[in-house]
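Written below as structure tokens is the structure these notes are about.
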Amino acid sequence: MDAVSADPIAERILAAIRAVPRGAVAGYGQIARRAGLPGRARLVARLLSGNDDPALPWHRILRSDGRIAFPAGSRGFREQVRRLRAEGVVVDKGRVRMPPATDGDLDAALWGPARD
DNA sequence: GCGGTGACTGACA
DNA sequence: CTGTCAGCCACCG
């Protein structure tokens, strides 16, 4: 039947990543959780490493600490920081401004654009 | 089946 | 604040 049959898992994860609004960022674990796959943060990372979708906002995905997942100075690192800044996201020393905590009203649990 | 590796996470010193 | 350790899942030789 369909020659193009992607795994529903990957589809969910990709959908969760695409669901991140511009100027906001999310963590691997959060994306995984949003995709219905708690504890599969590594799976999300693996998907991104093998992603071939240029329209995928992979640069909005960070570690749980709000840190860039790439080693500082790496190609992907600079590229990610560059894109984030281009969206108005404040990146300092390879780290994104972390909000104190959400009151819970933010169901998406996404880190909004940090404003000074 | 096993050990090593990775765009991870949380806990602890 | 940084660094280390163990747990975790998926892939590879």
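Residue numbers start from 1 in every chain, and the chains themselves are labelled A, B, ... in the order their sequence lines are given, proteins ahead of strands.
A distance-only check finds a donor-acceptor pair linking the side chain of A:R67 to the backbone of A:K93 [under 3.5 Å]. The backbone N or O of A:V20 sits less than 3.5 Å from a side-chain atom of A:R60, completing a donor-acceptor pair.
Across the protein-nucleic acid pair, A:K93 atom NZ and C:dC1 atom P stand 11 Å apart, rounded to whole Å. Between the C1' atom of B:dA11 and the CG atom of A:D65 lies a distance of 12 Å, rounded to the nearest Å. Atom P of nucleotide B:dA7 and atom CD1 of A:I17 are separated by 15 Å, given to the nearest angstrom. When rounded to the nearest whole Å, the span between CD of A:Q80 and C1' of B:dA7 equals 8 Å. Taking atom CG on A:L56 and atom P on B:dA7, their separation rounds to 16 Å, with Å as the unit. Here the P atom of nucleotide C:dG7 and the OH atom of A:Y28 are 24 Å apart, to the nearest Å. Distance CG (A:L37) to P (B:dC8): 17 Å, rounded to an integer number of Å. A straight line from CZ of A:R75 to C1' of B:dA7 spans 15 Å, rounded to a whole angstrom.
Counting heavy atoms from C-beta outward, A:I13 and A:L43 have side chains that approach closer than 4.5 Å. No side-chain heavy atom of A:V89 sits less than 4.5 Å from a side-chain heavy atom of A:H59. At least one side-chain heavy atom of A:I68 sits under 4.5 Å from a side-chain heavy atom of A:L62. The closest side-chain heavy-atom distance from A:I17 to A:W58 is not below 4.5 Å. Counting heavy atoms from C-beta on, the side chains of A:N51 and A:L48 come closer than 4.5 Å.
Residue contacts shown for A:G29 are limited to sugar-phosphate atoms, with no base heavy atom under 4.0 Å away. Within the nucleic acid shown, A:R67 comes within 4.0 Å of sugar-phosphate atoms alone, with no base atom in reach, counting heavy atoms only.
With the 3.5 Å cutoff on both pairing distances, Watson-Crick and G-U pairs in DNA chain B assemble into runs of at least 3 at B:2-6 with C:9-13, B:8-13 with C:2-7.
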Contacts under 3.5 Å, N or O only, protein and nucleotides 8-12 of chain C:
unit_1	atom_1	unit_2	atom_2	d
C:dC8	O2	A:R42	NH1	3.2
C:dC11	O3'	A:R46	NH2	3.4

So A:R83 and A:E87, salt bridge (charged side-chain N to carboxylate O under 4.0 Å, His left out) or not? Walk me through it.
CA-CA 6 Å; A:R83 289 195 179 209; A:E87 295 190 349; over 6 Å; no
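Checking the phosphate oxygens (OP1, OP2) of B:dG10, a side-chain nitrogen or oxygen of A:S64 falls inside 4.0 Å. Checking the phosphate oxygens (OP1, OP2) of C:dC1, a side-chain nitrogen or oxygen of A:R95 falls inside 4.0 Å.
To the nearest 0.5 Å, atom CD1 of residue A:I61 and atom CD of residue A:Q80 are 8.5 Å apart.
Rounded to whole Å, the separation between the C1' atoms of C:dG13 and B:dG1 comes to 13 Å.
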